[in-house]
Amino acid sequence: MTGIDVLLDEISPYQSRRVVVECDSHTTAAYLLDARGRIRVPVWLANHEMAPRTSESGGLYEGQAPLMPEAYTKHPQGRPRFDPSCLRAVWFEEGDGVALVDEEGLLAVIPGWAEADSGLPGYAREAIGRSAYAWELDSVRGQLWPRVVHAEAYWDWRRASGAWRSVQRTVLSHLNRRVGEPGHYWDVSDGHPPLLRVSERPPTAERPFTVLSTVGMCGQRMPTLDRYMANTSQHARVELALATTMPAHRAARIFRWIGAFPWRAVTWFGTGHTVKWLDNPEDRGMRGGAGAVLLMEDPELLVTRPDHRPPDTSGLSFQGDPVRWLWIVPITRPEHLFAKEHDSATLVEKLAAEGRSWVLE
């Protein structure tokens, strides 16, 4: 059996994706893996010997990268192996896609929407046209290169000493203006991006409930949005909030799992989304009979008292994108299934008819 050399092996900053570049005596290929080590996207990078006239059977899914047919490679005679010392990964800000760069520039891009099962491999510099193993990079380089430049600049910024503090100050100042004076402040991070805190805003004379809000989610765009929409800016950045009358320190425990969820699960949060509650022993006490949560940008339909109106959190933007606050409303498992069977708007109407409040009590 031919030996395989690993030229690059790197985990994304959010620990949810891993890129591996492997080379044998025939080919070099890159693999984007999920957190469990399963291959999500394989992409051929180069042949190192004469290309076959037609596609081989088997291939990237059977443990060995195939040779690219001659019609789909710039070097049908094969090209020299890549120098691993010149190879590096550039993760997109969202963490769901990655670019590979070498001494010649952009070598390959595996965008977040690429998916082997859907016949959407990544883009490779050596590829011509579109094959099952790789799509041509040249024709889309003008669209993808700015994203790579942005990604490098983003992570350079994140590594700077004042980056997190600037996010923190921006969000806290906005909450001070819009929601009221701060109370306690908790760290709910797990040691690597995204960095997250929770800020408490105690009850006031006009508001008989506590507001808990994440601080820091908006410091990174959420993954996978470009699978669903062309203009992602309006939905890319969020913070989460919870209104409650229970002890704040107990209710705040929900943010330990849900705050980082979009980057760990490689998904996005929007108004009307429902999320199954992770079985987390530390927040079981505040969970009660809830089996999921409903996220609402405007919970007005679930206001049951005049003094229970939600504060206006609009008006914040970060790096040119508006920041939306999504309110967490715990729901039962049957209600979660109801939303999936119908839609979240119908669920909200049902909850409103039952007199359900958006404030957790």
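Numbering starts at 1 and runs along the sequence shown.
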Is there a side chain to side chain donor-acceptor pair (under 3.5 Å) between Thr214 and Glu239 once you walk through the steps?
CA-CA 6 Å; Thr214 57; Glu239 297 286 351; 2.5 Å; yes
Between Trp268 and His273, does the ring pair (Phe, Tyr, Trp, His ring centres under 6.0 Å) criterion hold? Intermediate values first, please.
CA-CA 9 Å; Trp268 67 288; His273 287 194; 4.5 Å; yes
Run the numbers on Ile331 and Thr274 for side chain to side chain contact (heavy atoms under 4.5 Å, CB included), then give the verdict.
CA-CA 9 Å; Ile331 57 176; Thr274 55; 4.1 Å; yes
Check the pair Arg284, Asp279 against salt bridge (Lys or Arg N to Asp or Glu O under 4.0 Å), reporting the backbone distance first and the verdict last.
CA-CA 8 Å; Arg284 233 172 245 164; Asp279 189 15; 3.0 Å; yes
Go through it in stages, so that I can follow the logic: the residues are Gln234 and Met229, the test is side chain to side chain contact (heavy atoms under 4.5 Å, CB included), and I'd like the CA-CA distance, side-chain angles, deciding distance and then a yes or no.
CA-CA 10 Å; Gln234 295 297 309; Met229 62 193 73; over 6 Å; no
Worked check of salt bridge (Lys or Arg N to Asp or Glu O under 4.0 Å) between Lys74 and Glu126
CA-CA 5 Å; Lys74 291 181 179 178; Glu126 294 291 316; over 6 Å; no
I would like to know whether Arg18 and Asp9 meet salt bridge (Lys or Arg N to Asp or Glu O under 4.0 Å); could you show each step before the answer?
CA-CA 7 Å; Arg18 178 181 168 201; Asp9 187 342; 2.6 Å; yes
Can you check salt bridge (Lys or Arg N to Asp or Glu O under 4.0 Å) on Glu282 and Arg250, steps first, answer last?
CA-CA 9 Å; Glu282 68 176 6; Arg250 192 167 70 167; over 6 Å; no
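Remark: side-chain polar atoms of His235 are not paired, donor with acceptor, to backbone N or O of Thr232 under 3.5 angstrom. Checked by atom type and distance alone, the side chain of Ser131 pairs as donor or acceptor with a backbone atom of Ala134 at under 3.5 Å. The backbone N or O of Gly216 lies less than 3.5 Å from a partner atom in the side chain of Gln220, making a donor-acceptor pair. Counting only distance, with no hydrogens or angles, the side chain of Thr346 and the backbone of His342 share no donor-acceptor pair below 3.5 Å. A distance-only check finds no donor-acceptor pair linking the side chain of Asp96 to the backbone of Pro223 [under 3.5 Å]. Judged by distance alone, with hydrogens and angles left aside, the side-chain atoms of Asp187 form a donor-acceptor pair with the main-chain N or O of Ser189 at under 3.5 Å. A donor-acceptor pair under 3.5 Å links the side-chain atoms of Glu136 to the main chain of Gly129, judged by distance alone. Between the side chain of Arg207 and the backbone N or O of Pro202, at least one donor-acceptor pair lies under 3.5 Å. For Arg333 (side chain) and Lys276 (main-chain N/O), no donor-acceptor pair under 3.5 Å exists by modelled atom type. With hydrogens and angles disregarded, a donor-acceptor distance shorter than 3.5 Å links the side chain of Thr244 to the backbone of Met246.
In summary, of the residues considered (His150, Arg147, Gln319, Arg158), a side chain to side chain donor-acceptor pair (under 3.5 Å) with Glu93 occurs for His150 alone. With respect to Thr28, the side chain to side chain donor-acceptor pair (under 3.5 Å) criterion is satisfied by exactly one of His48, Arg81, Arg79: His48.
Using modelled atom types and a 3.5 Å distance limit, the side chains of Trp257 and Asp283 yield a donor-acceptor pair. Remark: the Thr73 side chain and the Asn47 side chain contain no N/O donor-acceptor pair separated by less than 3.5 Å. For the residue pair Glu335 and Thr332, a side-chain donor N or O sits within less than 3.5 Å of a side-chain acceptor on the partner. One side chain, Arg201 or Asn176, offers a donor N or O that lies under 3.5 Å from an acceptor on the other. Side-chain contact of Ser314 with Asp312: a donor-acceptor pair under 3.5 Å is present, judged by distance alone. For Tyr185 and Gln168, the side-chain atoms include at least one donor-acceptor pair closer than 3.5 Å. Residues Trp91 and Glu10 bring a donor and an acceptor atom of their side chains to less than 3.5 Å of each other.
Taking every heavy atom of both residues into account, Thr304 and Gly355 meet most closely at CG2-O, 3.5 Å. The shortest non-hydrogen separation linking Leu67 to His26 is CD2-O, 3.6 Å. The two atoms that bring Pro13 and Pro193 nearest to each other are O-CD, 3.6 Å, heavy atoms only. Across every non-hydrogen atom of Glu70 and Pro76, the tightest pair is CB-CB, 4.0 Å. Taking every heavy atom of both residues into account, Ser233 and Pro322 meet most closely at O-CD, 3.6 Å. A pairwise comparison of heavy atoms in Leu120 and Val41 identifies O-CG1, 4.2 Å as the closest pair.
Side chains of Thr313 and Trp327 form a contact here, defined as non-hydrogen atoms less than 4.5 Å apart. Counting only heavy atoms from C-beta outward, the side chains of Met296 and Leu326 never approach each other to under 4.5 Å. Contact check for Pro203 versus Pro208: no side-chain heavy atoms found under the 4.5 Å cut-off. In this structure, the side chains of Leu225 and Glu94 stay at 4.5 Å or more apart for every pair of heavy atoms. The shortest side-chain heavy-atom distance between Val167 and Phe318 falls under the 4.5 Å cut-off. Inter-residue side-chain proximity for Asp321 and Arg221 is flagged as met; some heavy-atom pair is nearer than 4.5 Å. In this structure, the side chains of Asp5 and Asp24 stay at 4.5 Å or more apart for every pair of heavy atoms.
Note that the CG atom of Leu347 and the CD atom of Glu341 stand 11.5 Å from one another [nearest 0.5 Å]. With rounding to the nearest 0.5 Å, the separation of CG in Leu212 from NE2 in His184 is 11.0 Å. Note: Arg38 CZ to Arg36 CZ = 5.0 Å, rounded to the nearest 0.5 Å. Taking CG from Leu100 and CD1 from Ile110, the interatomic distance works out to 6.0 Å, rounded to the nearest 0.5 Å. Rounded to the nearest 0.5 angstrom, Leu302 CG and Leu294 CG are separated by 7.5 Å. Taken from OH in Tyr72 to OH in Tyr133, the straight-line distance is 10.5 Å, to the nearest 0.5 Å.
Aromatic ring centroids of Phe269 and Trp325 lie 6.0 Å or more apart. Taking the centre of each ring, His308 and Phe209 come in below the 6.0 Å mark.
Listed by first then second residue, pairs satisfying side chain to side chain donor-acceptor pair (under 3.5 Å) with a partner in residues 102-112 read Asp102-Arg125, not counting sequence neighbours.
Taking the six-membered ring where the residue is Trp, Trp135 and Tyr123 present perpendicular rings, their angle passing 60° and hence far from 30°.
Around the NZ atom of Lys340, the shell of radius 6.0 Å holds no more than 12 heavy atoms that belong to other residues, nucleotides or ligands.
Cluster membership for Val215 and Phe261, using ILVMFWY side-chain heavy atoms within less than 4.5 angstrom, is shared.
Every side chain to side chain contact (heavy atoms under 4.5 Å, CB included) that Ala260 has, sequence neighbours left out, goes to Pro194, Leu196, Arg264.
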